[in-house]
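Reading through the structure tokens given below for one structure.
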Amino acid sequence: MAVVSRGFFGRKREENPDLPPGQYLTVDFPVLSAGPTPVIDTAEWVFSIQSDGGEVAAWNWEQMKALPHEDIHTDIHCVTRWSKFGTTWRGVSLDTLFAGVDTKMAYVMAHSHGGYTTNVPLADLLGGKAWIATEFDGEDLDPEHGGPARLLIPHLYFWKSAKWIKGLRMMPRDDPGFWEQNGYHIYGDPWLEQRYW
Ligand SMILES: Nc1nc2c(c(=O)[nH]1)N[C@H]1C(S)=C(S)[C@@H](COP(=O)(O)O)O[C@H]1N2
Ligand SMILES: [Mo]
């Protein structure tokens, strides 16, 4: 006789307190890109933070890989309503990268290869809440998922986790990025269902 057990998937939200409102669970890892996947050579890769007065801190691939890395185990939530539980990443904390950055500005624009941008308050990048991720599931990050490196901000909708990250630029105001100019919410908290505005 077949043992029928109620699966993890398809459970109603009230039985899944970790699932934000309006989301459903997926096991696979969908690819969502607004354009083609850029080809990025780590030999030429540079990540930079531009702060007040145009001052720039920059790391090449070797320098980035030499920084302390953290293992991140987290759920992710896409505004198109899929959530994926228990994803495993490895990356460098934004706290580490901002340690030597002196800024009076409170907002950040993330810039990617290919022209994608997304805005986020600096406070949401600090305090152990965001990383430059270079590995997923114990392997180098796939190009489709943003490799060689992407921003990972799991407490916000996943469009804030800019793939193929190139740099961060400090801003005095919370200017909207690519999707934010096209109707997505300026902040994007999945628990408050801040999808569109
Ligand atoms: N550079 C760049 N980053 C991006 C996007 C994009 O189109 N370009 N899409 C965003 C959106 S809408 C989502 S849901 C996630 C998807 O990441 P994934 O393709 O690894 O699932 O990447 C985000 N980061
Ligand atoms: Mo998305």
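Counting starts at 1 for both ligands and their atoms, in listed order. Keep in mind that this is a model prediction, so the values were computed, not measured.
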Counting from 1, what ligand 1 atoms have a heavy atom of Ser112 closer than 4.0 Å? 1 (N)
Does Ala162 have a heavy atom less than 4.0 Å from any atom of ligand 1? yes
Which protein non-hydrogen atom lies closest to atom 9 (N) of ligand 1, naming both residue and atom, and how far is it? Leu32 O, 3.1 Å
Looking only at non-hydrogen atoms, the one of Lys166, Arg150, His77 nearest atom 22 (O) of ligand 1 is Arg150
Consider only side-chain N and O atoms of Tyr187 and Asn119, and report whether a donor and an acceptor are under 3.5 Å apart. no
Considering residues at least two apart in sequence or located in another chain, which fulfil the ring pair (Phe, Tyr, Trp, His ring centres under 6.0 Å) criterion with His145? Phe29
Looking only at protein heavy atoms, what sits closest to atom 7 (O) of ligand 1 is Ala34 N, 2.6 Å
Short list, please: which atoms of ligand 1 are under 4.0 Å from a heavy atom of Trp164? 1 (N), 2 (C), 8 (N)
Any side-chain donor paired with an acceptor under 3.5 Å for His111 and Thr117? no
Could you check whether Ser112 and Lys163, counting side-chain N and O atoms only, form a donor-acceptor pair closer than 3.5 Å? no
If you count the atoms of ligand 1 from 1 in the order shown, which ones are under 4.0 Å from a heavy atom of Pro30? 18 (P), 19 (O), 21 (O)
Students should be able to answer this: which protein heavy-atom is nearest to atom 20 (O) of ligand 1, and at what distance? His145 ND1, 2.6 Å
Is any side-chain heavy atom of Leu94 closer than 4.5 Å to one of Leu151? yes
Identity and separation of the nearest protein heavy atom to atom 19 (O) of ligand 1: Lys163 NZ, 2.6 Å
What about Ser33: any of its N or O atoms under 3.5 Å from an N or O on ligand 1? no
Please test Asp71 against Arg90 for salt bridge (Lys or Arg N to Asp or Glu O under 4.0 Å), starting from the C-alpha separation and ending with a verdict. CA-CA 5 Å; Asp71 291 308; Arg90 202 166 158 74; 3.0 Å; yes
Around atom 11 (C) of ligand 1, find the nearest protein heavy atom and jot down its residue, atom name and distance. Trp159 CA, 3.5 Å
Residues two or more places apart in sequence or in another chain: which of them pass side-chain hydrogen bond (donor to acceptor under 3.5 Å, both in side chains) with Trp159? Glu180
Heavy-atom distance to atom 8 (N) of ligand 1: which of Trp179, Tyr157, Tyr116 wins? Tyr116
Using modelled atom types only, decide if a donor and an acceptor are shared between the side chain of Asp137 and the backbone of Trp89 within a distance under 3.5 Å. no
Tell me which one of Tyr157, Tyr196, Trp197 satisfies ring pair (Phe, Tyr, Trp, His ring centres under 6.0 Å) with Tyr184. Tyr196
What residue and atom, counting heavy atoms only, is the protein's closest point to atom 14 (S) of ligand 1, and at what distance? Cys78 SG, 3.3 Å
For Ser161, state whether at least one heavy atom is located under 4.0 Å from any atom of ligand 1. yes
Would you check if the side chain of Asn16 reaches a backbone N or O of Asp18 as a donor-acceptor pair within less than 3.5 Å? no
Classify the contact between Phe158 and ligand 1 as side chain, backbone, both or neither, using a heavy-atom distance cut-off of under 4.0 Å. both
